[in-house]
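This report concerns only the one structure given below.
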Amino acid sequence: MPNLLAGKVGIISGALNEESIAWKVALKAHAEGARFVLTNAPLAMRMGEINKLSEQCNAPIIPADATSMEDLEKLFSGAQEHLGGKLDFVLHSIGMSANIRKGKHYGELNYEWYQKTLDVSALSFHKMLAVAEKQDAFNEWGSAVALSYIAAQRAFLDYTDMSQAKAMLESIARSYGQRLGKLKKVRVNTISQSPTKTTAGTGISGFDAFYEYANRLSPLGNAPAEACADYCISLFSDLTRYVTMQNLMHDGGFSTTGISEEIVDLMSNAKQ
């Protein structure tokens with residue numbers, strides 16, 4: 001179904017480099033006929049290659065610290081001004097933990113950093129939606145999507161404070177989904193993606209083990225970033241108008257598989 005997003009406009013946050021899910025979402029959205037604004041934190045923009053994506057998609061960049069209401073107000077008003085009207089979609093692909101970066105285990109977290117993790121990785125989604133509501137920035141049947149991970153529901157070693165951030169992110173999607181659905185028929189969902197080899201993902205200690213275990217447990221294997229981008233596009237489109245307040249598992253079946261033949265073989269071989 002070509003041009004799935006023809007005529008739609010939006011904001012895509014979090015594209016750092018070609019490995020980023022947000023980067024792949026931007027390319028797919030552009031290919032499907034959407035116009036959009038790119039945004040990221042000024043520091044992330046200096047580290048990344050977002051100017052290249054901007055050129056590929058003919059999408060301007062509006063820098064914004066997603067924890068700053070002032071920056072977000074400028075982002076949403078600037079996006080509407082550039083795009084010539086209200087928005088049809090927003091992607092929240094933002095996460096950061098200084099505790100993870102600095103190798104703090106769960107029992108020794110720096111609580112100031114912990115609060116920053118929650119602010120950057122979860123509260124920023126609430127702030128985005130609150131600014132959008134105040135500016136009446138969404139068209140009816142608009143769609144907001146945030147990227148999550150199964151550590152919101154299950155304990156994962158070394159994911160530490162990001163586990164709580166993702167749980168909060170999913171809760172915000174439900175609560176704001178109810179509110180925006182009533183106000184403007186806007187839907188709000190999270191996608192719980194497989195471990196993915198992005199800059200953020202591979203920064204987690206033990207990531208390769210996370211990735212390999214999930215790949216062996218999932219009947220379909222890990223969902224690649226490109227497939228996650230396709231899923232995001234489907235949620236931006238009119239084909240999913242009545243999907244809201246959901247945490248949607250995009251993980252090759254990992255979340256509902258007890259054990260797999262591959263894991264049994266691995267354990268059996270380890271005992272020999």
Side-chain angles (χ1 to χ4, degrees), residues 1 4 14 19-25 27-29 32 89 91-95 100 121-122 125 143-160 162-174 177 187-237 239-271:
M1 197 171 183
L4 203 55
E19 302 305 313
S20 306
I21 292 173
W23 187 292
K24 297 179 190 299
V25 172
L27 292 177
K28 299 256 184 185
E32 291 293 343
F89 62 87
L91 177 71
H92 179 284
S93 180
I94 301 169
I100 287 177
S121 310
F125 192 40
S143 174
V145 176
L147 299 181
S148 191
Y149 182 54
I150 196 173
Q153 288 90 31
R154 297 187 190 173
F156 278 80
L157 289 171
D158 300 322
Y159 207 64
T160 66
M162 278 298 293
S163 298
Q164 278 78 66
K166 293 301 189 186
M168 184 184 289
L169 182 76
E170 292 175 13
S171 180
I172 288 166
R174 287 187 290 272
R187 56 216 198 261
V188 185
N189 296 288
T190 53
I191 294 175
S192 192
Q193 166 68 0
S194 297
T196 309
K197 292 181 178 178
T198 62
T199 301
T202 52
I204 297 164
S205 174
F207 175 82
D208 288 344
F210 274 50
Y211 184 90
E212 189 58 30
Y213 175 73
N215 203 41
R216 288 174 182 247
L217 188 65
S218 311
L220 299 179
N222 289 332
E226 290 82 0
C228 186
D230 286 336
Y231 204 15
C232 290
I233 298 303
S234 76
L235 289 171
F236 296 160
S237 80
L239 298 180
T240 52
R241 275 192 166 190
Y242 290 90
V243 180
T244 194
M245 301 162 63
Q246 302 299 309
N247 179 52
L248 300 158
M249 309 308 294
H250 188 255
D251 61 4
F254 175 85
S255 52
T256 42
T257 301
I259 196 165
S260 68
E261 190 174 341
E262 288 84 351
I263 298 295
V264 170
D265 290 344
L266 195 66
M267 297 303 290
S268 299
N269 291 335
K271 289 178 181 178

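Not measured: the values here are computed from a predicted model.
Rounding to the nearest 0.5 angstrom, the gap separating the CE atom in Met162 from the CD1 atom in Ile100 is 6.0 Å. Summarising the geometry, atom CD belonging to Gln153 is positioned 6.5 Å from atom OG belonging to Ser148; distances are rounded to the nearest 0.5 Å. Put simply, OH on Tyr159 and CD on Gln164 are 11.0 Å apart, with the number rounded to the nearest 0.5 Å. Rounded to the nearest 0.5 Å, atoms CD1 (Ile263) and CD (Glu261) are 11.5 Å apart. Considering OG1 of Thr190 and CE of Met249, their distance stands at 8.5 Å, rounded to 0.5 Å.
Closest heavy-atom contact between Leu147 and Leu169: O-CD2, 3.3 Å. For the pair Arg154 and Phe254, the tightest heavy-atom approach, listed with the atom from each and the gap, is NH1-CE2, 3.9 Å. Counting all heavy atoms, side chain and backbone alike, Ser121 lies closest to Gly95 at OG-CA, 3.4 Å. Listed here is the closest heavy atom pair of Arg187 and Arg241: CD-O, 3.5 Å. Across His250 and Tyr231, no two heavy atoms sit closer than the pair CD2-CD2, 3.3 Å. Here the closest non-hydrogen pair linking Ala152 and Ala167 is CB-N, 3.5 Å.
Ring geometry for Phe89 against Phe236 counts as parallel: the plane angle stays under 30°, on a 0 to 90° scale with 60° as the upper cut.
Within the 4.5 Å cutoff, no side-chain heavy atoms of Ser93 are placed close to those of Val25.
Of the possible donor and acceptor atoms, one in the side chain of Ser192 sits under 3.5 Å from a partner among the backbone N and O of Ile150. For Ser237 (side chain) and Ser234 (main-chain N/O), a donor-acceptor pair under 3.5 Å exists by modelled atom type.
Identified under the salt bridge (Lys or Arg N to Asp or Glu O under 4.0 Å) test for residues 209-221, with sequence neighbours left out: Glu212-Arg216.
Scored by the side chain to side chain contact (heavy atoms under 4.5 Å, CB included) test, Val243 finds Asn189, Leu235, Thr240, Gln246, Leu248 as partners (sequence neighbours excluded).
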Output a table of donor-acceptor pairs, distance under 3.5 Å, between side-chain atoms of residues 218-230 and any protein atom two or more places apart or on a different chain; print 'none' if there are none.
from   : atom 1 : to     : atom 2 : distance (Å)
Ser218 : OG     : Ala214 : O      : 2.6
Ser218 : OG     : Asp251 : O      : 3.3
Asn222 : OD1    : Asn215 : N      : 3.3
Asn222 : ND2    : Tyr211 : O      : 2.9
Glu226 : OE2    : Lys24  : NZ     : 3.3
Asp230 : OD1    : Lys28  : NZ     : 2.9

